[in-house]
Amino acid sequence: MQMKPLSPPLNLQVFRSLHPRMALSENEMKYYHSLEKGYIGEQRFIWLLEKLHGESDILIFHNLVFEVNNSIFQIDTLIISSQNIYLSEVKNYTGDYWLEGNKLCIGSLKITNPVHQLHRSETLFQQLLDQNSLHFQLQSNVIFNNPEFHLYNSTQELPFVFPPQLKRHLQKLNLGSSILSPKHHQLASFLLSIHNDNLERAKLPKYNIHTLKKGIICPWCNSFLNMFSKNKMKCIQCKFIEELDDSVMRSIKEYVLLFPNKPITVTDIIEWCNVFNTRKTVLRILTTKFCSINKGSASHYLFPNGKV
């Protein structure tokens with residue numbers, strides 16, 4: 001069962017929105033591209049996991065973010081089975097790498113051995129369990145799932161799973177061998193309650209509403225949409241067409257993603273959408289699909305679940 005289905009992590013969603021709206025630095029672009037590549041790798045891993053264990057009595061979580069003892073850590077994939085908890089650090093690397101001390105090298109590029117990131121996550125997750133008197137067996141691996149990847153100088157004791165081994169590795173996992181108990185479901189509920197992807201916002205570039213380019217972004221090619229007719233928007237680049245209501249609603253959600261602490265006001269959303277003659281549409285959507293707070297000049301709106 002997918003307890004926390006795979007979806008783009010918060011940082012990736014924010015970068016997808018910022019990219020067409022501001023100039024990103026070289027390092028920010030590298031981080032953005034690494035997020036995109038990592039997400040593709042996780043999709044590939046989850047597809048194979050579900051193919052092999054689709055009906056097993058297991059609980060699957062993706063992109064969990066926790067804070068323990070003032071340390072923030074992230075887990076790509078966590079699986080709760082009747083016997084173990086499996087932590088997987090998924091890497092979508094491509095090319096021929098070699099191991100040199102604590103680094104993975106490709107050409108002149110050296111990156112930290114992902115086993116260190118895995119051990120850090122495992123240690124902090126164990127502390128999280130211990131602090132809450134939760135007792136489970138952990139097993140952790142770094143998953144290299146891109147068939148275009150090869151690592152020289154690796155040793156057997158490293159917790160690496162390489163592309164040719166991945167299917168066998170997942171088949172060997174003791175998943176769904178017996179029914180999950182209430183304690184497993186209690187753990188699942190606890191993990192969901194303390195997950196907080198907003199902790200990752202510290203890695204985002206600095207931005208503010210005044211300097212970002214305004215407009216409604218095309219969901220297919222990241223260009224900006226234009227009015228096509230009275231009730232439709234169109235992308236000049238890829239010819240995508242969308243109902244105006246849907247475009248405005250997407251734009252409101254993007255506004256909330258980028259500015260979670262700002263109130264949602266009619267004036268701000270009109271400025272954010274930057275589409276001629278949309279006041280009636282914005283006002284109708286906010287009054288029918290959101291909760292109104294206060295009246296007059298101080299009025300603003302909340303999502304029905306109370307999120308600003």
Side-chain angles (χ1 to χ4, degrees), residues 7-25 28-29 31-32 35-36 39 63 65 195-228 230-238 240-308:
S7 60
L10 180 140
N11 276 10
L12 177 54
Q13 294 180 52
V14 171
F15 265 103
R16 284 176 174 177
S17 179
L18 292 179
H19 186 214
R21 297 184 183 276
M22 64 179 286
L24 299 174
S25 69
E28 289 165 351
M29 284 298 296
Y31 179 53
Y32 172 33
L35 290 173
E36 289 282 14
Y39 182 58
N63 295 322
V65 184
H195 159 73
N196 183 3
D197 54 11
N198 277 305
L199 294 169
E200 290 282 272
R201 284 187 178 270
K203 300 178 183 179
L204 292 171
K206 301 298 181 183
Y207 63 89
N208 64 73
I209 194 168
H210 303 294
T211 58
L212 293 183
K213 185 176 180 180
K214 310 301 190 296
I216 300 177
I217 296 174
C218 173
W220 291 102
C221 71
N222 276 349
S223 300
F224 284 88
L225 301 182
N226 295 291
M227 287 296 295
F228 176 57
K230 182 179 179 181
N231 296 310
K232 293 185 185 295
M233 303 288 291
K234 183 176 181 178
C235 176
I236 296 176
Q237 297 298 320
C238 71
F240 170 78
I241 296 177
E242 184 177 42
E243 295 290 333
L244 177 60
D245 281 26
D246 294 334
S247 292
V248 171
M249 189 65 186
R250 280 196 307 103
S251 199
I252 294 173
K253 290 179 179 179
E254 184 190 14
Y255 177 88
V256 175
L257 170 71
L258 293 177
F259 309 104
N261 298 317
K262 286 182 67 66
I264 305 171
T265 69
V266 174
T267 300
D268 286 342
I269 296 303
I270 292 173
E271 180 183 354
W272 179 248
C273 292
N274 193 30
V275 177
F276 177 71
N277 201 25
T278 56
R279 181 175 183 83
K280 287 184 179 180
T281 301
V282 170
L283 183 59
R284 174 169 47 78
I285 290 174
L286 290 178
T287 55
T288 57
K289 298 187 177 182
F290 293 76
C291 300
S292 177
I293 306 296
N294 298 326
K295 299 293 182 182
S297 60
S299 67
H300 60 280
Y301 297 85
L302 301 176
F303 276 117
N305 64 3
K307 182 179 178 180
V308 176

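Throughout, residue positions are numbered sequentially from 1 according to the sequence presented. These numbers come from the heavy atoms of this one structure, side chains and all, not from hydrogens, waters or symmetry mates. Here the structure is a predicted model, which means the values were calculated and not measured.
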*Heavy-atom check, side chain of Val65 versus side chain of His195, under 4.5 Å*: yes

With rounding to the nearest 0.5 Å, note down the distance linking [atom1] in [X] to [atom2] in [Y].
X: Arg16; Y: Leu257; atom1: CZ; atom2: CG; answer: 11.0 Å
X: Met29; Y: Leu24; atom1: CE; atom2: CG; answer: 6.0 Å
X: Asn231; Y: Asp246; atom1: CG; atom2: CG; answer: 11.0 Å
X: Thr288; Y: Asp245; atom1: OG1; atom2: CG; answer: 8.0 Å
X: His19; Y: Tyr32; atom1: NE2; atom2: OH; answer: 6.0 Å
X: Ile252; Y: Phe290; atom1: CD1; atom2: CZ; answer: 4.5 Å

*Please report the C-alpha distance between Tyr207 and Val14 in whole Å, then the side-chain angles of each, then the deciding distance to 0.1 Å, and finally whether the side chain to side chain contact (heavy atoms under 4.5 Å, CB included) criterion is met.*
CA-CA 11 Å; Tyr207 63 89; Val14 171; 4.2 Å; yes

Side-chain donor or acceptor of [X] paired with backbone N/O of [Y] under 3.5 Å:
X: Lys214; Y: Ile209; result: yes
X: Asn11; Y: Glu200; result: yes
X: Ser25; Y: Glu28; result: yes

*Can you sort out the partners of Tyr31 under ring-ring contact (aromatic ring centres under 6.0 Å, His included), two or more places apart, ordered by chain and number?*
Phe15

*asked:* Closer than 4.0 angstrom, basic N to acidic O: yes or no for Glu242 and Lys232?
replied: no

*Show your reasoning for whether side chain to side chain contact (heavy atoms under 4.5 Å, CB included) applies to Asn226 and Lys234.*
CA-CA 5 Å; Asn226 295 291; Lys234 183 176 181 178; 5.9 Å; no

*Evaluate ring pair (Phe, Tyr, Trp, His ring centres under 6.0 Å) for Phe240 paired with Phe228, printing each intermediate quantity in order.*
CA-CA 10 Å; Phe240 170 78; Phe228 176 57; over 10 Å; no

_For Glu254 and Trp272: C-alpha separation, side-chain torsions, deciding distance, then whether side chain to side chain contact (heavy atoms under 4.5 Å, CB included) applies._
CA-CA 10 Å; Glu254 184 190 14; Trp272 179 248; 4.0 Å; yes

List the atom of [X], the atom of [Y], and the distance in Å for their closest heavy-atom pair.
X: Arg250; Y: Ile217; answer: NH2-O, 2.9 Å
X: Met22; Y: Lys206; answer: CE-O, 3.8 Å
X: Gly215; Y: Arg21; answer: O-NH2, 2.7 Å
X: Arg201; Y: Leu258; answer: NH1-O, 4.2 Å
X: Tyr39; Y: Leu12; answer: CB-CD2, 3.8 Å
X: Tyr255; Y: Lys262; answer: OH-CE, 3.3 Å

*Step by step, work out the side chain to side chain contact (heavy atoms under 4.5 Å, CB included) result for Ile264 and Leu302.*
CA-CA 7 Å; Ile264 305 171; Leu302 301 176; over 6 Å; no

*asked:* A quick test of your reading: do over 12 heavy atoms of other residues, nucleotides or ligands sit less than 6.0 Å from CG of Leu283?
replied: yes

*Determine whether more than 12 heavy atoms belonging to other residues, nucleotides or ligands lie under 6.0 Å from atom CZ of Arg279.*
no

